Amino acid sequence: MAERGIREFDAKRILHKNWESYFGNKLIYDFKSLLVTQHTNFESMVSEYTWLDKVPLVVKPDMLFGNRGKLGLV
């Protein structure tokens with residue numbers, strides 16, 4: 001069991017940040033993800049992330065690892 005909880009978003013962001021140092025240009029990890037909170041301004045997100053209008057989106061609750069199943073969200 002982990003000592004500290006980590007969000008799936010943060011885990012993928014860390015992978016993306018360090019991907020090139022492990023794999024170089026051999027494999028491409030196209031990371032497109034957003035963390036939406038109660039304070040998120042959706043109008044500014046569309047202008048900041050131009051791919052939002054072009055890519056189909058999947059929305060899922062990002063609980064700490066292991067909690068989605070316990071809460072019946074999977």
Side-chain angles (χ1 to χ4, degrees):
M1 179 178 273
E3 287 188 28
R4 191 153 186 219
I6 183 170
R7 292 184 180 275
E8 184 177 346
F9 172 81
D10 293 324
K12 289 180 179 181
R13 185 180 47 81
I14 291 168
L15 265 174
H16 175 68
K17 181 180 175 183
N18 297 297
W19 189 264
E20 194 171 311
S21 64
Y22 287 102
F23 299 108
N25 293 329
K26 296 177 188 174
L27 297 171
I28 305 293
Y29 180 55
D30 190 21
F31 178 71
K32 290 183 180 169
S33 184
L34 298 172
L35 182 63
V36 176
T37 65
Q38 61 209 27
H39 305 293
T40 301
N41 182 356
F42 292 105
E43 287 79 22
S44 67
M45 289 182 88
V46 173
S47 62
E48 186 177 347
Y49 302 100
T50 57
W51 54 267
L52 276 175
D53 288 337
K54 300 175 179 98
V55 178
L57 302 176
V58 174
V59 178
K60 65 180 179 178
D62 192 4
M63 310 300 282
L64 298 176
F65 271 117
N67 287 342
R68 285 193 306 238
K70 292 177 188 174
L71 296 172
L73 299 172
V74 180

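On a predicted model such as this, the values are computed, not experimentally measured, just so you know.
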> In terms of hydrophobic clusters joined by side-chain contacts under 4.5 Å, are Tyr29 and Leu35 together?
Replying inline: yes
> Who else is in Val59's hydrophobic cluster (ILVMFWY, side-chain heavy atoms under 4.5 Å, direct or via others)?
Replying inline: none
> Which value, rounded to the nearest 0.5 Å, describes the distance between Arg7 atom CZ and Ile14 atom CD1?
Replying inline: 13.0 Å
>> Taking salt bridge (charged side-chain N to carboxylate O under 4.0 Å, His left out) as the definition, give me every residue that meets it alongside Lys17, ordered by chain and number, with sequence neighbours left out.
In response: none
> Can you name the residues that form a side-chain hydrogen bond (donor to acceptor under 3.5 Å, both in side chains) with Lys12, not counting sequence neighbours?
Replying inline: Glu8
>> Please enumerate all residues that pass side-chain contact (heavy atoms from CB on, under 4.5 Å) together with Asn25, with sequence neighbours excluded.
In response: Glu20
> Would Leu15 and Tyr22 satisfy side chain to side chain contact (heavy atoms under 4.5 Å, CB included), going step by step from the backbone distance to the final call?
Replying inline: CA-CA 10 Å; Leu15 265 174; Tyr22 287 102; over 6 Å; no
> If Ile, Leu, Val, Met, Phe, Trp and Tyr residues are connected whenever their side-chain heavy atoms lie under 4.5 Å apart, and connections chain through other members, are Ile28 and Trp19 in the same group?
Replying inline: no
> Do the rings of His16 and Phe31 sit parallel, tilted or perpendicular, given the 30° and 60° boundaries?
Replying inline: parallel
>> Among residues at least two apart in sequence or on other chains, which ones pass side-chain contact (heavy atoms from CB on, under 4.5 Å) with Thr40?
In response: Val36, Thr37, Phe42, Met45
> Taking only residues two or more places apart in sequence, or in another chain, which ones meet Asp53 in a salt bridge (charged side-chain N to carboxylate O under 4.0 Å, His left out)?
Replying inline: none
